[in-house]
There are 2 protein chains.
Amino acid sequence: MVTKHELEGLPEDADLRRADSLAREIFSDVANKWALLIIEALGEGTLRFSEIRKQVEGVSHKMLTQNLRMLERNGLVDREVHPTVPPRVEYTLTESGRALRVTVDAICGWTHAHLGHIEDARRRFDTA
Amino acid sequence: MVTKHELEGLPEDADLRRADSLAREIFSDVANKWALLIIEALGEGTLRFSEIRKQVEGVSHKMLTQNLRMLERNGLVDREVHPTVPPRVEYTLTESGRALRVTVDAICGWTHAHLGHIEDARRRFDTA
DNA sequence: CAGTATCCCTCTAGATACTG
DNA sequence: CAGTATCTAGAGGGATACTG
């Protein structure tokens, strides 16, 4: 990923280049705070728009819709609309979304495991 | 992580709350495109400022310094200044940085593994 | 309730120039 | 070469109001 173009210069792999830039784009989509927090919130279950909004503390209405659309577009979440009134819209991770979620969990785990180290590092840095 | 405050309301765990908000903050620092790409670029090795800049395609001088400072402050990268002229500054992941790198690798792996699915999903979404 | 559209302002991030 | 500072345009994102 974000490959260093080991193959750069070979004229025949425009395909690889394309895949590369696509990977970049997806990485940029996904590697952002709100997207990851939404994925984490969905977890294994199914949540309504308003429920996600509660769980992902601090997310605005706008950011939530934007990111949900993006995740849906990339096939990470499934959006099911129940044509009732009032409407009920449920979001669920797709298989690929759940696969990504595992890595998000790993980041969360890393964060907690290193809280202490990080606090120390900050203190050292800030006093210097 | 980004816990849903299962313990919310109990007055005695201001500590947990603090740790929680710290975790949030760290998550926000780290869950951003440039930070992750820099960590990925550093890998197991040691790179100079200008070398990182080459590897992380598209990063501006400013963004690179900003993110390197942030990563240094959080104890993810080690910054070594050689007092020569011209100056030589080398960056290396710390142990905690390398631990996080593993998860970044996982995200990259995920990206490549799901490129096809994602392209399909996008096509479907965009034509609808 | 969920979603879209509009306004508006902040703050990000690029470009440029300058120092050790 | 690496880093800091300044200026500035423009995207990001909040608040609000309106629709199905």
Side-chain angles (χ1 to χ4, degrees), chain A residues 2 24-39 41-42 45-74 76-93 125-126 128, chain B residues 2 24-39 41-42 45-74 76-93 125-126 128:
Chain A
V2 178
R24 281 283 194 139
E25 196 185 322
I26 294 165
F27 191 88
S28 298
D29 272 2
V30 151
N32 96 58
K33 187 186 168 183
W34 293 130
L36 296 182
L37 289 174
I38 289 168
I39 290 170
L42 281 174
T46 292
L47 292 177
R48 303 181 59 171
F49 183 89
S50 48
E51 293 169 333
I52 305 176
R53 183 136 191 241
K54 269 172 217 146
Q55 293 229 7
V56 181
E57 186 170 298
V59 72
S60 71
H61 190 133
K62 189 180 176 182
M63 283 301 96
L64 185 53
T65 31
Q66 257 178 36
N67 278 277
L68 282 172
R69 284 303 155 275
M70 180 273 286
L71 292 172
E72 187 193 356
R73 181 167 116 90
N74 289 322
L76 299 195
V77 307
D78 198 50
R79 177 167 178 270
E80 191 173 1
V81 182
H82 296 83
T84 61
V85 48
R88 173 183 192 85
V89 183
E90 297 185 321
Y91 295 90
T92 317
L93 289 182
F125 186 95
D126 291 343
Chain B
V2 180
R24 281 282 195 140
E25 197 185 322
I26 294 167
F27 191 88
S28 300
D29 272 2
V30 151
N32 97 57
K33 185 186 170 186
W34 294 131
L36 296 182
L37 289 175
I38 290 167
I39 289 170
L42 281 173
T46 292
L47 291 177
R48 302 180 60 169
F49 183 88
S50 48
E51 294 171 332
I52 305 176
R53 187 141 186 233
K54 269 173 219 145
Q55 294 229 4
V56 180
E57 187 170 296
V59 71
S60 69
H61 191 133
K62 189 180 174 182
M63 282 302 96
L64 184 52
T65 33
Q66 258 180 34
N67 278 276
L68 282 172
R69 284 302 155 279
M70 180 274 284
L71 292 172
E72 187 192 357
R73 181 168 115 91
N74 287 323
L76 300 194
V77 307
D78 198 49
R79 177 168 178 270
E80 191 173 0
V81 182
H82 297 82
T84 61
V85 47
R88 175 183 191 84
V89 183
E90 298 186 322
Y91 293 91
T92 317
L93 289 181
F125 186 95
D126 291 344

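We name chains A, B, ... by the order of the sequence lines, and we start the count at 1 in each one. Keep in mind the model is a prediction, meaning the values are calculated, not measured.
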Nearest-0.5 Å distance that lies between atom CE in B/M70 and atom CD in B/Q66: 9.5 Å
Positive for side-chain contact (heavy atoms from CB on, under 4.5 Å) with B/D29, one of B/N67, B/N74, B/L76: B/N74
Contact state string [nucleotides 1-20 of chain C, B base, S sugar-phosphate only, - no protein heavy atom under 4.0 Å]: BSBB--------BB-----B
Whole angstrom value for the distance that separates P of D/dG14 from CG of A/N67: 11 Å
Spacing of CG belonging to B/L42 relative to CD1 belonging to B/I52, to within rounding of 0.5 Å: 4.5 Å
Spacing of CD belonging to B/E80 relative to CZ belonging to B/R88, to within rounding of 0.5 Å: 10.0 Å
Separation of D/dG12 P from A/M70 CE (nearest whole Å): 12 Å
Close side-chain approach of A/Y91 to A/L71, heavy-atom, < 4.5 Å: no
Value rounded to 0.5 Å, distance of OG in A/S28 from CG in B/L37: 7.0 Å
Rounded distance [0.5 Å steps], CD1 in B/I38 versus CG in B/L47: 11.0 Å
B/F49 side, atom CZ; B/T65 side, atom OG1 - distance, nearest 0.5 Å: 5.0 Å
Base-pair map of DNA chain D as dot-bracket, where | denotes pairing with a different strand and pairs are Watson-Crick or G-U under 3.5 Å: ||||||||||||||||||||
